[in-house]
Each structure stands twice: as C-alpha cells, then as structure tokens.
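Below: one structure, written as structure tokens.
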Amino acid sequence: MWKVEKKVISNLTKCYSIAPLEYQGKKHFMVAAEKIDRCILFDQDGNEEDTIWSEPGGVMSMVQVPGRDGQFLATHKFYSPNDSKEAKIVIVTPIGKGNWEVRTLVNLPHVHRFDIVERNGVHYLIACALKSGHEYKDDWSMPGKVYAAVLPEDLSSYNEDNQLELKVIKEDMLKNHGYYRVRENDMDTSVISADCGVFQFIPPEEKDGEWEIRKLLETAASDAVLIDLDEDGEKELAVLSPFHGNQISIYKKNNGVFEKVYEYEKPAEFTHAIYGGDLCGQPVVVIGHRKAERDLIVFAYNKETKQYESEVIDHDCGPANVAHYVKNGKDIIISANRETDEVAMYTISK
C-alpha cells in the first residue's frame, strides 16, 4: 500500500502542463493552464514564487533550454484540438521578478507536444502537431506530423520575424497526441503515440543525419512510456488507448514483438496523465484519467505474485498531467488536476 499525503497548492482554471525548471541555482517547477490563465512558478516545497505570464495560455508543453538559467520553451494558444490553429512554440526568458520575456520561436499550427532531446552533445527540437488543419469542429481529415530541427545554442535572434526552420520527419500521424522522453544508450529518445501506433524516434548520430523511427506497436494509442517494471532488464510498454480512450495496458516483448500481458480491470475514461519512473525506489507507472471516476492510479509489478498491480491514490481529481521529483528523500508527485482546477502535491511513501 502507498501512503499518500495530499496538499492543494494552487487553484488554476483548467491547469494542464507541468515542467521542472532550474532557476537562480534552485530547482523549481511550473504549472500552466490549457485555457487563458496563468503560468505559475513554484519552489519544490509547493510555494508560489512568480507568475510567468497571465495570458494567452493554451499551454500543452514546457521544456527548459539546456544550460540556460530559467529559460524555457512553451506552447502557446493550443486551447483544444478544435481551437489550435494559432498554436506556436515560444521562448521564455526571465528578466526579473514578474518580468519574463516571451518571444516566438516558431508558429506551428496544432503543435501539441514538443521536447528538446540530446544525442552526442547535440540538442534537437522535436515537435508533434496533433493535426495539420481542420475545417470544422472535430475534423480529423488532416493527420498530424512530427517535425524536428537542430536547436541552436543561442536563441536570442529568434522572434516572430525570424523563426526556426523545422523539417517534417514523419507524416500521416492521425491524432498525434502522446509523447514521452525515454533515455536509452546514453541518449534521449522520443516515444510518440498516434492512431497509427506507438513509435520510438531516435535522434541522428551526427548533427545533419537522419532520425531513426521504430514502430513499437500497431495499436491506436493516446500515450505510452517504456519502463522496466518487472526489472528483468528489458522495458515494458505501458499504453493508454485509443485517443483520449479508456484502456490502460502493459505490453511485454516476446521474440522482439510487444504483446499485451496486462489490462486494467475497468474502463478509465479519458486516460491522459502518465509518468513512468521510480517511486520510492520502485519502477512504476502513474496514470490519471479525466472522466467518470477521474482517478490517479499507481501501477507496479509485484515480484512475489508475479503480477502487475494497481492502486488508486486519489479519486475524483481528473489529472491532465503529472510530474515526479525527490526532495530531502521524499517522493513528490505534482498533478495538474484539470477537472477540479487544482494543482496538487502528493507526498508518497511506502
């Protein structure tokens, strides 16, 4: 059984995106809203330190620029799949308290997830557009794409009139929703989920090289993560499916092919939040869903029973995204509980 202590640290309308940020020699985290509302900077104790912006919001992803104090990239103006034509990636730079400069890096309609990944000392921007356009509500006739570029060391010259040039590295990604960074073989890789399956994108070996794209699974998926839950030396694939769907499954490799070995015993409507990593020294997947029971659930492997097990750690909260860190030996989960407008801090022990 997991012991959980919950504290609501802020109320933020439709809170959605969470990201760590190193700033002024200290570790922080940020939480931003899906709709028009604030982006808040917190210290690791959950105290509010600054408002980074009040609008426009529409934030799906935020990622610190490597080696830059407090500077990060964020999506702006992705308010929903049906209201994301003006979405862009922006560069955010701290000038002083209450003063954060926001400049355009690239206008990218429908950009949902993006990340900065590293291989052999080179940083790459990888960006996933949920769709390529739409003419009416719930129009999915124009599949999304995955874009990439080498991320320049200095971003000071980029703005609305001088944008970073991106290259399409994969087309035809219908409902291109899921993203998770997975570190393997001393490099970052990107696990990307769409209606056409789950893929692992490997950055180029050399700066101007090609990306390698591996298809891990044919199943339509909303999100996925690779993690070695049973600690046998090979990662399982935890999958939320289909797009904003209600299935939580774990796949294990058999003769090089991922096969389903576990499925959560009941529907988890509108699965969304996902974290894969250690929790109190044990590899776990933490998943939240946004409709019906709106639970936050921990999945782990029991070595004694040789079974995957689940435990609900919060109910009726509706998490959109979750993040994990350890402070003073304590495991912390931060959850953007979108459906209840609460930013929650869970201190977890066993």
Side-chain angles (χ1 to χ4, degrees), residues 1-2 4 175 177-184 189-200 214-315 317-324 331 333 335 346 348 350:
M1 292 284 291
W2 301 93
V4 181
K175 297 178 178 174
H177 178 272
Y179 181 90
Y180 210 103
R181 185 197 305 163
V182 175
R183 187 86 179 162
E184 282 189 352
T189 74
S190 303
V191 175
I192 295 175
S193 305
D195 243 35
C196 50
V198 180
F199 301 82
Q200 188 172 21
R214 301 173 187 162
K215 190 165 195 175
L216 304 180
L217 203 64
E218 293 279 352
T219 304
S222 195
D223 270 281
V225 62
L226 283 166
I227 175 169
D228 185 6
L229 290 169
D230 61 8
E231 298 181 272
D232 70 346
E234 187 157 58
K235 292 184 176 81
E236 291 106 299
L237 187 63
V239 181
L240 313 184
S241 62
F243 173 63
H244 286 171
N246 64 6
Q247 280 190 325
I248 301 169
S249 310
I250 296 170
Y251 293 76
K252 194 162 174 57
K253 226 178 220 183
N254 184 17
N255 295 325
V257 177
F258 280 105
E259 295 178 351
K260 190 186 288 190
V261 292
Y262 170 84
E263 187 170 312
Y264 188 44
E265 63 269 15
K266 60 182 185 180
E269 204 176 329
F270 207 136
T271 56
H272 205 280
I274 186 167
Y275 159 72
D278 277 0
L279 189 63
C280 303
Q282 182 177 3
V284 304
V285 180
V286 179
I287 291 169
H289 65 107
R290 287 171 39 188
K291 285 189 177 174
E293 287 90 353
R294 308 195 300 189
D295 290 335
L296 185 61
I297 313 159
V298 178
F299 294 83
Y301 184 77
N302 185 325
K303 287 183 177 176
E304 289 178 11
T305 63
K306 297 189 176 175
Q307 300 287 322
Y308 298 95
E309 296 178 346
S310 64
E311 186 178 327
V312 174
I313 60 168
D314 196 15
H315 177 64
C317 53
N321 286 292
V322 288
H324 168 265
D331 280 72
I333 295 267
S335 183
Y346 300 88
I348 302 184
K350 288 204 83 173

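The chain is numbered in sequence order, starting from 1.
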In terms of heavy-atom contacts, Pro319 and Ser335 come closest through CB-OG, 3.3 Å

Would you confirm whether Asp314, through its side chain, and Leu296, through its main-chain N or O, come within 3.5 Å as a donor-acceptor pair? no

Taking atom types as modelled, find out whether Asn254 and Glu259 have a side-chain donor-acceptor pair closer than 3.5 angstrom. yes

Could you point out which residue of Lys235, Lys252, Lys253 forms a salt bridge (charged side-chain N to carboxylate O under 4.0 Å, His left out) with Asp230? Lys252

Between Val322 and Val286 the two heavy atoms that sit nearest each other are CG2-O, 4.2 Å

Take His324 and Leu279 through the side chain to side chain contact (heavy atoms under 4.5 Å, CB included) test and state the conclusion after the steps. CA-CA 8 Å; His324 168 265; Leu279 189 63; 3.7 Å; yes

Test ring-ring contact (aromatic ring centres under 6.0 Å, His included) on Phe299 and Tyr264; report intermediate values, then the result. CA-CA 9 Å; Phe299 294 83; Tyr264 188 44; 5.3 Å; yes

So which heavy atom on Ile248 is nearest to which on Ala268, and how close? CD1-CB, 3.7 Å

Keeping Asp278 on the side-chain end and Gly281 on the backbone end, is there a donor-acceptor pair under 3.5 Å? no

With distance as the sole test, does Thr271 use its side chain to make a donor-acceptor pair with the main-chain N or O of Gly245 at under 3.5 Å? yes

How many angstroms lie between CZ in Phe243 and CZ in Phe270, if you round to the nearest 0.5 Å? 7.0 Å

Quick one: does any side-chain atom of Asp295 pair with a main-chain N or O of Ile297 as donor and acceptor, under 3.5 Å? no

Any side-chain donor paired with an acceptor under 3.5 Å for Thr189 and Glu184? no

Please check if any side-chain donor atom of Ser190 sits under 3.5 Å from a side-chain acceptor atom of Tyr179, or the reverse. yes

Would you please say whether a donor-acceptor pair under 3.5 Å links the side chains of Glu269 and Asn246? no

Could you check whether any side-chain N or O of Ser222 sits under 3.5 Å from a backbone N or O of His244, counting only pairs where one atom can act as donor and the other as acceptor? yes

Heavy atoms of Ile227 and Pro283 approach each other most closely as CD1-CB, 4.1 Å

Say whether Tyr262 and Glu236, considering side chains only, have a donor N or O and an acceptor N or O under 3.5 Å apart. no

If we count only N and O atoms by modelled type, under 3.5 Å, do the side chains of Asp223 and His272 hold a donor and an acceptor together? no

For Ser249, is there any backbone N or O sitting under 3.5 Å from a side-chain donor or acceptor partner on Tyr308? no

Is a side-chain N or O of Asp228 found less than 3.5 angstrom from the main chain of Gly233, in a donor-acceptor match? yes

No-hydrogen, no-angle side-chain donor-acceptor test under 3.5 Å, Gln282 and Glu231: no

